[in-house]
Number of protein chains: 2
Amino acid sequence: MTDTLQRKPVSQVANSDCFTEESLTKLKEIMYEMRAEAGNHLFWEGDSADKLYFLKRGQVKITKASDEGKSFILYVYNTGDLFGQVDPFQNSVHSFNAEVTENSIIGVIQQKDLEVLLWQHGDLAVEFMKWMGLMHRMTQTKFRDLMMFGKPGALCSTLIRLCNTYGKNHGSEIVITKKLTNSELADMIGATRESVNRMLGDLKRANIIAMENNYIVIKDLPYLRDICQCENCPVDMCRI
Amino acid sequence: MTDTLQRKPVSQVANSDCFTEESLTKLKEIMYEMRAEAGNHLFWEGDSADKLYFLKRGQVKITKASDEGKSFILYVYNTGDLFGQVDPFQNSVHSFNAEVTENSIIGVIQQKDLEVLLWQHGDLAVEFMKWMGLMHRMTQTKFRDLMMFGKPGALCSTLIRLCNTYGKNHGSEIVITKKLTNSELADMIGATRESVNRMLGDLKRANIIAMENNYIVIKDLPYLRDICQCENCPVDMCRI
DNA sequence: TTTGTGATGTGATTTACATCACACTTCCTT
DNA sequence: AAGGAAGTGTGATGTAAATCACATCACAAA
């Protein structure tokens with residue numbers, strides 16, 4: 001139940017860990033591989049949503065842009081993550097953009113093929129349902145964190161999620177092994193760069209976090225937990 | 001594509017409409033029925049989450065309370081709605097409270113029984129997956145609306161969702177056939193009662209909405225749509 | 001008929017956060 | 001090595017929304 005025990009030894013956990021080796025193999029069999037360059041888009045809002053994506057390597061951000069030009073980052077997916085929309089409508093469209101932020105290798109699954117697979121393999125269907133449930137809960141808890149505890153709470157929640165996704169233990173400290181700009185963090189919590197900068201400054205001054213050659217280091221995780229009333233949920237759920 | 005065409009003739013649409021009659025029957029066969037009085041709780045956060053609930057009659061709100069006593073309403077479920085958590089963890093717990101707000105008759109499905117059913121019936125598994133996808137998107141779009149367009153945007157989005165859930169056409173106007181207090185609306189958008197009151201006042205003065213014996217009537221839906229940059233998504237998704 | 005209770009409506013004040021403006025740093029390029 | 005771009009840090013100011021503090025209203029119960 002301690003902070004360090006809960007976190008897995010590896011620095012990066014993928015949401016496809018929900019699946020057994022066999023199920024993942026079955027999914028991989030119906031994928032076709034594609035490459036996408038950083039800066040491209042996998043899909044735009046309004047595009048029809050009938051595919052699932054398995055990120056074999058790279059990074060994809062799910063974002064939403066407002067009319068005034070502000071951008072909101074809903075998810076950041078990394079190597080090993082599975083994402084996409086499964087919808088009951090024939091002509092369903094995406095509500096968000098998928099921005100490729102690192103050169104990526106992506107396995108694409110057609111919804112029709114997935115349906116056949118789920119139809120055939122009950123065990124996969126059950127695992128898939130659990131994976132979907134997990135992703136939904138991740139959205140819900142993030143929603144709660146960003147709505148209920150003000151911008152500082154949203155930032156602390158995001159830092160915790162970054163720990164769970166990219167964290168590497170270093171004694172009692174946790175290094176977030178991923179460079180992040182103030183602007184990126186701002187877009188993740190719906191705040192401005194300036195606000196994030198000031199909040200991070202406060203946390204540094206209070207010795208809650210520190211910077212080590214441009215990586216954020218968490219020195220006092222319980223403090224962050226306290227601010228966003230974090231209940232120490234499973235790392236697999238509490239992610240970016 | 002017009003507003004009136006899009007809305008179904010019945011004033012209330014249930015999320016279980018995602019399922020075929022046969023599938024719903026299969027689900028009903030593994031339910032056991034229970035009754036719950038208004039004011040009780042179906043579950044509290046921290047309770048183990050291993051059940052699904054089918055609301056045969058009544059109303060249940062999914063809420064979250066902050067330490068400072070503020071309450072946030074995540075969902076409002078009504079007759080015909082299916083809800084609950086399906087999780088990959090053995091000892092998974094709820095992150096939210098389920099508050100029974102009207103005397104209800106509820107069909108309870110054990111996760112284990114559901115798994116067997118999905119395992120056996122591929123067609124049900126596919127439908128179930130689509131239902132889960134729809135619920136997830138509902139959460140995502142609500143998240144976006146409440147985060148990106150300020151409190152007025154959040155309120156307009158909520159009014160539109162209320163239309164899609166409880167709306168009844170009356171000529172060019174839409175009556176929200178459900179009494180709502182300012183406080184309730186406030187808890188749905190994470191604002192204060194006073195703010196909601198002022199915003200509703202503004203909308204009334206601008207002739208966007210009106211009150212008719214304590215029911216909200218929407219007189220200018222396009223205006224609401226504009227404020228929260230609503231893209232006219234399917235009514236089944238854009239709900240409370 | 002009064003009294004209590006929950007809801008609405010509204011002003012004054014405070015607070016949180018965005019916006020604007022600009023200096024400073026890093027590091028990449030050619 | 002100089003110039004530029006991208007990022008950081010921070011003050012001053014503006015604004016949305018919360019908070020506080022009441023007045024009023026509707027209506028049910030005593």
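Chain naming here is simple, since letters A, B, ... match the order of the sequence lines and numbering starts at 1 in each.
- Minimum heavy-atom separation, Gly84(A) to Tyr53(A): CA-CD1, 4.4 Å.
- As a whole-Å value, the separation of Lys204(B) NZ from dG9(C) C1' is 9 Å.
- Arg198(A) contributes a side-chain N or O that forms a donor-acceptor pair with the base of dT19(C) under 3.5 Å.
- Arg193(B) and Thr181(B) share no donor-acceptor pair across their side chains, judged by distance under 3.5 Å alone.
- Rounded to a whole Å, the CZ atom of Arg193(B) is 16 Å from the P atom of dT24(D).
- Rounding to whole angstrom units, CG of residue Asn182(A) and P of dT19(C) are separated by 16 Å.
- For Ser104(A) and Arg35(A), the side-chain atoms include no donor-acceptor pair closer than 3.5 Å.
- The distance between atom CG of Asp202(B) and atom P of dA17(D), rounded to the nearest whole Å, is 11 Å.
- In this structure, the CE atom of Met148(A) is 18 Å from the P atom of dA17(D), given to the nearest Å.
- Between Thr181(A) and dG7(D) there is no side-chain N or O to OP1 or OP2 distance below 4.0 Å.
- Atom CE in Met147(B) sits roughly 18 Å away from atom P in dA16(D) (whole-Å rounding).
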Glu99(A)/Lys64(A) under salt bridge (charged side-chain N to carboxylate O under 4.0 Å, His left out): CA gap, chis, key distance, verdict: CA-CA 10 Å; Glu99(A) 206 180 322; Lys64(A) 170 82 194 177; over 6 Å; no
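- Stacking of Lys179(A) on the aromatic ring of Tyr215(A) is recorded, both the 6.0 Å distance cut-off and the 45° axial limit being met.
- At the phosphate of dC17(C), neither OP1 nor OP2 sits under 4.0 Å from any side-chain N or O atom of Thr192(A).
- Comparing the local axis fitted to the first five base pairs of the helix from dT1(C)-dA30(D) to dT30(C)-dA1(D) with the one fitted to its last five gives a bend of 30°, rounded to 10°.
- Remark: P of dT25(C) and CE of Met211(A) are 17 Å apart, rounded to the nearest angstrom.
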Identify the pairs formed between an N or O of the protein and an N or O of nucleotides 14-16 of chain C at a distance under 3.5 Å, and give each distance.
none

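- Counting all heavy atoms, side chain and backbone alike, Asp145(A) lies closest to Cys228(A) at OD1-O, 4.3 Å.
- Out of dC27(C), dA18(D), dA18(C), the shortest distance to the side chain of Asn214(A) is found at dC27(C).
- The side chain of Glu194(B) has dA21(D) as its nearest neighbour among dA21(D), dT8(D), dT19(C).
- The aromatic rings of Phe83(B) and Tyr77(B) lie parallel to each other, their planes meeting at an angle below 30°, with 60° marking the opposite boundary.
- Atom CG in Asn197(B) sits roughly 15 Å away from atom C1' in dT19(D) (whole-Å rounding).
- No side-chain donor-acceptor contact under 3.5 Å links Arg161(B) to the backbone of Ile240(B).
- Screening Asn103(A), Asn78(A), Thr79(A) for a side-chain hydrogen bond (donor to acceptor under 3.5 Å, both in side chains) involving Gln59(A) leaves a single residue, Asn78(A).
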